[in-house]
Novice: 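Below are the structure tokens for one structure; questions will follow.
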Amino acid sequence: EAQVTQNPRYLITVTGKKLTVTCSQNMNHEYMSWYRQDPGLGLRQIYYSMNVEVTDKGDVPEGYKVSRKEKRNFPLILESPSPNQTSLYFCASSLRSKETQYFGPGTRLLVL
Amino acid sequence: GIQVEQSPPDLILQEGANSTLRCNFSDSVNNLQWFHQNPWGQLINLFYIPSGTKQNGRLSATTVATERYSLLYISSSQTTDSGVYFCAVEGTGGFKTIFGAGTRLFVKA
């Protein structure tokens, strides 16, 4: 089944403890992206990747890192999480930029 | 950057009613998508529609790129249509995706 998977689905952590949210797609898509969703603000793009080893900032990249070492994986790294990073995170992929994006199930993160 | 505005912000319908949701964008786009976020938080693709008209069952969408707006039509609404509807665009000048704030729809039985 073609899909985008994210792990973990739910995470509670404390301020400053590094964490990684994984994202994987099995559709051989070139374009991958991370979003955060906060009440009243819709979804905002954090980082995107056009292909392996090609990443760029979205609208809210501060406090996040990404890497794209393999085509199928695009992990989101929070080196030192803070409470304002408490949010619902989505990973998405598309065959190429400017084509239909498919979203993962989301990861709910609470930073205490 | 591109601004995306959706209206109305909230909508309550009686089951069986029709509705039109609007998405305005401030600049030229290469990509426009409509999504439905169900009450469990899942984002579901509805349409990829940078221009023209598409239909899928009770849903249809029209994008008039030259006038910078898109419309999503829901006919004979059902309770399962409840949730939040988002439009998202990618501008011609870059590769970022910008979402509107969404329209929250509640369909009463």
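It should be emphasised that the depicted structure is a prediction, and the values quoted were computed from it without experimental measurement. Throughout, protein chains are lettered first and strands after them, A, B, ... in sequence-line order, and every chain is numbered starting at 1.
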Novice: Indicate yes or no: does A:Asp38 engage A:Arg44 in a salt bridge with an N to O separation below 4.0 Å.
Specialist: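 Salt bridge between A:Asp38 and A:Arg44, a charged N being under 4.0 Å from a carboxylate O: yes.
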
Novice: Side chain, backbone, both or neither: which part of B:Phe35 has an atom under 4.5 Å from a heavy atom of chain A?
Specialist: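 B:Phe35 touches chain A through side-chain heavy atoms alone.
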
Novice: B:Thr53 side chain to B:Thr62 main-chain N or O, any donor-acceptor pair under 3.5 Å?
Specialist: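 Not a single qualifying donor-acceptor pair exists.
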
Novice: Below 4.5 Å from any heavy atom of chain A, which atoms of B:Gln42 appear? Answer side chain, backbone, both or neither.
Specialist: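 Neither part; nothing is under 4.5 Å.
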
Novice: Heavy-atom cut-off 4.5 Å, strictly under: side chain, backbone, both or neither for B:Gln37 against chain A?
Specialist: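 It is the side chain, since no backbone atom gets that close.
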
Novice: Okay, side chain of B:Arg68, backbone of B:Ser26: is any donor-acceptor separation there less than 3.5 Å?
Specialist: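 Checked: pair present.
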
Novice: Identify which part of B:Phe95 has an atom lying under 4.5 Å from any heavy atom of chain A, answering side chain, backbone, both or neither.
Specialist: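 When you check distances to chain A, atoms from both the backbone and side chain of B:Phe95 fall under 4.5 Å.
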
Novice: Side chains of A:Tyr64 and A:Arg36 only: does a donor on one sit below 3.5 Å from an acceptor on the other?
Specialist: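 Yes, because at least one side-chain N or O of A:Tyr64 sits under 3.5 Å from a partner of the opposite role on A:Arg36.
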
Novice: At a 4.5 Å cut-off on heavy atoms, which part of A:Tyr35 comes close to chain B: side chain, backbone, both, or neither?
Specialist: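 Answer is side chain: those atoms of A:Tyr35 sit under 4.5 Å from chain B.
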
Novice: Would you call the rings of B:His36 and B:Tyr85 parallel, tilted or perpendicular, taking 30° and 60° as the class edges?
Specialist: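 The rings of B:His36 and B:Tyr85 lie parallel, inter-plane angle below 30°.
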
Novice: Between A:Asn73 and A:Glu70, is any side-chain donor less than 3.5 angstrom from a side-chain acceptor?
Specialist: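 Checked: A:Asn73/A:Glu70 side chains pair up, N/O donor to acceptor below 3.5 Å.
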
Novice: Counting heavy-atom pairs under 4.5 Å with chain A, which one of B:Ile98, B:Val89, B:Leu32, B:Asn30 comes out on top?
Specialist: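 Most heavy-atom pairs within the cutoff with chain A belong to B:Asn30.
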
Novice: Name the region of A:Gln101, side chain, backbone, both or neither, that has any atom closer than 4.5 Å to a heavy atom of chain B.
Specialist: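 Both parts, backbone and side chain.
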
